[in-house]
Structures are given as C-alpha cells and as structure tokens.
Amino acid sequence: MSSLGNVGQGGEPSLRTKNQDFILGKKLYLKTSFDSEFYNYKLLESHLGYVCAECKTDLDKTMFQEAVSTSKDLKMAVPASLYFLVSEFLDMMPVSIISTQIDDVLIVRKSKRLPANIRQQYKTPESRKKHRQTYANFLDSSKYHSDVFQRMINKIQVLINDTAPEIDKILKRGHF
C-alpha cells in the first residue's frame, strides 16, 4: 500500500509506503518534478492496495492500534478499499471496529492465546521439548475455521461485483 507523502530530503516528493502481508492491488507509477517540462523528474513506483490484510499470530492491543492507523492511511489513499486484520489467536479484549477504518478483524482459529503463565513453560528448549505434546494438543483443539476465511472472501466478492453495477440489477434491488 502506498500514499503520496510530504516533500522529502532535497525538496523531492516522497512516497509513503507500508508493507502488507497480503494485497490485491494495482501497480502505480508516478512521475514527479518541480518543472512543468519534467526535467530532472523522479519516477516513483509503488502499489495501490484495494484489498489489504495484516496477518498476525496473536492479536494484542498494540497491534490492533497500529492496524487502526494503517487502515486509516489506506482508506485516505484508496477510499473504496478493504482492510482486514487477520489473526490466529486473540490476545486482547475485543473492541468495536465501527469507529475505525478496519473492515473486519478475523480470528481464524476462534481461540484465545495461551495465558502468560502457561507460555512461561515454553521459555527454554528443554521446557519446550518437555511440554511439546501439551502445545500440540492446544493447536489441535484450535483448528482453522473455514467460515472465518469465507467471511473475508464474501466481502472481497461484494467489492469485485460492485465495481460496475448494471442498471437492471440496480433497478431490481432499488439501491446502489
């Protein structure tokens, strides 16, 4: 994901970027110059994200707040885009995303992170080996859920289907 930023060092325009774990987007080329004839121009290459996902193993409050900021930046650059925060495990109290630009927070294992006192048991290689089966049982009991992935796919499909609405479909449903 990218958005045009401030003027950089030496008076050159800069492009503000943020790497995403998953993106459906389009390549973007910008040619910038302070001269109308584009002498001494700078060619900037980036991608505009239409569907972006930040993927986490454990979602905590700090990561959530960072995603709130990133989603805001994305929606300023590409207003019709989708931004998903995808995590295996939840490590925070859930909060409403209504006041954010995040389209969905998806917990794909539908499970909380192991509590800190249990995670302490895995600090050393020896303790990880000793408690390996317990952790394997935890992972087995918290499988990936296809309905969570399907929710993301459905939202992406709505975006794709609505890019060029046909007049007959609009008149049939009565809105667009």
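Computation of the quantities below employed the complete heavy-atom set of this structure, encompassing side-chain atoms and omitting hydrogens, waters and symmetry-equivalent molecules.
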Chemist: Take atom CZ of Arg151 as the centre, draw a 6.0 Å sphere, and report whether it contains more than 12 heavy atoms from other residues, nucleotides or ligands.
Modeler: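 No.
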Chemist: Got Lys26 and Leu28 here, is their nearest side-chain heavy-atom distance under 4.5 Å?
Modeler: no
Chemist: Same hydrophobic cluster for Ile102 and Leu159, using side-chain heavy-atom links shorter than 4.5 Å among ILVMFWY?
Modeler: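 Looking at the clustering, Leu159 is in a separate group from Ile102.
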Chemist: Ignoring hydrogens and angles, tell me if any N or O in the side chain of Ser69 forms a donor-acceptor pair with the backbone of Glu66 under 3.5 Å.
Modeler: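 No; judged by distance alone, with no hydrogens or angles, the pair does not exist.
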Chemist: Does Ala67 offer a backbone N or O that forms a donor-acceptor pair with the side chain of Thr70 under 3.5 Å?
Modeler: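 Side chain of Thr70 to backbone of Ala67, a donor-acceptor pair under 3.5 Å: no, none is there.
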Chemist: So which heavy atom on Leu74 is nearest to which on Gly49, and how close?
Modeler: CD1-O, 3.4 Å
Chemist: Where the side chain of Lys75 meets the backbone of Ser81, is there a donor-acceptor pair that is under 3.5 Å apart?
Modeler: yes
Chemist: Drop me the distance from Met92's CE to Lys61's NZ, to the nearest 0.5 angstrom.
Modeler: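 The NZ atom of Lys61 is 5.0 Å from CE of Met92, to the nearest 0.5 Å.
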Chemist: Keeping Arg128 on the side-chain end and Lys123 on the backbone end, is there a donor-acceptor pair under 3.5 Å?
Modeler: yes
Chemist: Mark yes or no for whether Ser142, through its side chain, and Ser111, through its backbone, hold a donor-acceptor pair below 3.5 Å.
Modeler: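 Not confirmed, Ser142 side chain does not pair with Ser111 backbone.
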Chemist: Does one hydrophobic cluster hold both Leu82 and Leu85, with members joined at side-chain heavy-atom distances below 4.5 Å?
Modeler: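 As far as the 4.5 Å side-chain criterion goes, Leu85 and Leu82 are not connected within one cluster.
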Chemist: For Leu114 and Phe89, what are the C-alpha separation, side-chain angles and deciding distance, and is it a side chain to side chain contact (heavy atoms under 4.5 Å, CB included)?
Modeler: CA-CA 9 Å; Leu114 284 173; Phe89 301 102; over 6 Å; no
Chemist: Apply side chain to side chain contact (heavy atoms under 4.5 Å, CB included) to the pair Tyr50 and Ile160, showing each step before the final yes or no.
Modeler: CA-CA 10 Å; Tyr50 293 99; Ile160 291 168; over 6 Å; no
Chemist: Report yes or no: is the cationic atom of Arg109 (NZ for Lys, CZ for Arg) under 6.0 Å from the centre of the six-membered ring of Tyr144, at an angle within 45° of the ring normal?
Modeler: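 Judged by the rule (NZ or CZ under 6.0 Å from the ring centre, within 45° of its axis), Arg109 counts as positioned above Tyr144.
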Chemist: To the closest 0.5 Å, what do you measure between CG (Leu139) and CD (Glu88)?
Modeler: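 Those atoms lie 8.0 Å apart.
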Chemist: Might you work through the side chain to side chain contact (heavy atoms under 4.5 Å, CB included) test for Tyr29 and Leu44, ending with a clear yes or no?
Modeler: CA-CA 6 Å; Tyr29 302 96; Leu44 304 171; over 6 Å; no
Chemist: If you count the non-hydrogen atoms of other residues, nucleotides and ligands that lie under 6.0 Å from CD1 in Ile167, is the total more than 12?
Modeler: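 For Ile167, atom CD1 is not crowded (no more than 12 foreign heavy atoms under 6.0 Å).
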Chemist: Within the 4.5 Å heavy-atom criterion, are Asn40 and Asp35 side-chain neighbours or not?
Modeler: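 SC-SC contact between Asn40 and Asp35 ruled out.
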Chemist: Which is it for Lys27 and Glu45 under the salt bridge (charged side-chain N to carboxylate O under 4.0 Å, His left out) test, yes or no, and what are the steps along the way?
Modeler: CA-CA 7 Å; Lys27 205 165 215 176; Glu45 183 180 316; 3.1 Å; yes
Chemist: Say whether, by atom type as modelled, one donor and one acceptor occur between the side chain of Asp60 and the main chain of Thr62 under 3.5 angstrom.
Modeler: yes
Chemist: Is the side chain of Asp103 donor-acceptor paired with the backbone N or O of Tyr83 at a distance under 3.5 Å, no angle test?
Modeler: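 A pair under 3.5 Å: yes.
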Chemist: Asp147 versus Lys110: any side-chain heavy-atom pair under 4.5 Å?
Modeler: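 Contact flag for Asp147/Lys110 side chains = yes.
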Chemist: Is any side-chain heavy atom of Glu126 less than 4.5 Å from a side-chain heavy atom of Lys130?
Modeler: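 With C-beta onward as the side chain, the pair stays apart.
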Chemist: Could you give me the CA-CA distance, side-chain angles and deciding distance for Ile107 and Val148, then say whether side chain to side chain contact (heavy atoms under 4.5 Å, CB included) is met?
Modeler: CA-CA 7 Å; Ile107 312 302; Val148 178; 6.0 Å; no
Chemist: Test of understanding: clusters of I, L, V, M, F, W, Y form through side-chain heavy atoms closer than 4.5 Å, transitively. Do Phe22 and Leu48 belong to the same one?
Modeler: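 No.
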Chemist: Can you tell me how far the CZ atom of Phe138 sits from the NE2 atom of His131, to the nearest 0.5 Å?
Modeler: 15.0 Å
Chemist: Is Asn154 close to Phe149 at the side-chain level, that is, under 4.5 Å between some pair of heavy atoms?
Modeler: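 No, their side chains stay 4.5 Å or more apart.
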Chemist: Please tell me if the side chains of Leu106 and Phe84 come closer than 4.5 Å, counting only heavy atoms from C-beta onward.
Modeler: yes
Chemist: Let me confirm one number: the OG-CD distance from Ser127 to Gln121, rounded to the nearest 0.5 Å.
Modeler: 8.0 Å
Chemist: Are Val108 and Met63 joined in one hydrophobic group, where the rule is that I, L, V, M, F, W and Y side chains link up if heavy atoms are under 4.5 Å apart?
Modeler: no
Chemist: Side chains of Met152 and Val86: does their closest heavy-atom pair fall under 4.5 Å?
Modeler: yes
Chemist: Is there a donor-acceptor pair closer than 3.5 Å between any side-chain N or O of Asp21 and the backbone N or O of Cys55?
Modeler: yes
Chemist: Going from NE2 on His47 to CD1 on Ile23, what distance comes out if it is rounded to the nearest 0.5 angstrom?
Modeler: 7.0 Å
Chemist: What about the rings of Tyr41 and Phe34, do their centers lie closer together than 6.0 Å?
Modeler: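 Between Tyr41 and Phe34, the centre distance exceeds or equals 6.0 Å.
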Chemist: Charged N to carboxylate O under 4.0 angstrom, Asp104 versus Lys155?
Modeler: yes
Chemist: Got Lys31 and Phe38 here, is their nearest side-chain heavy-atom distance under 4.5 Å?
Modeler: yes
Chemist: Under a single-linkage definition using a 4.5 Å side-chain heavy-atom cutoff for Ile, Leu, Val, Met, Phe, Trp and Tyr, are Val68 and Leu90 assigned to the same hydrophobic cluster?
Modeler: yes
Chemist: Is a side-chain donor or acceptor of Ser87 paired with a backbone partner of Leu59 at a separation under 3.5 angstrom?
Modeler: yes
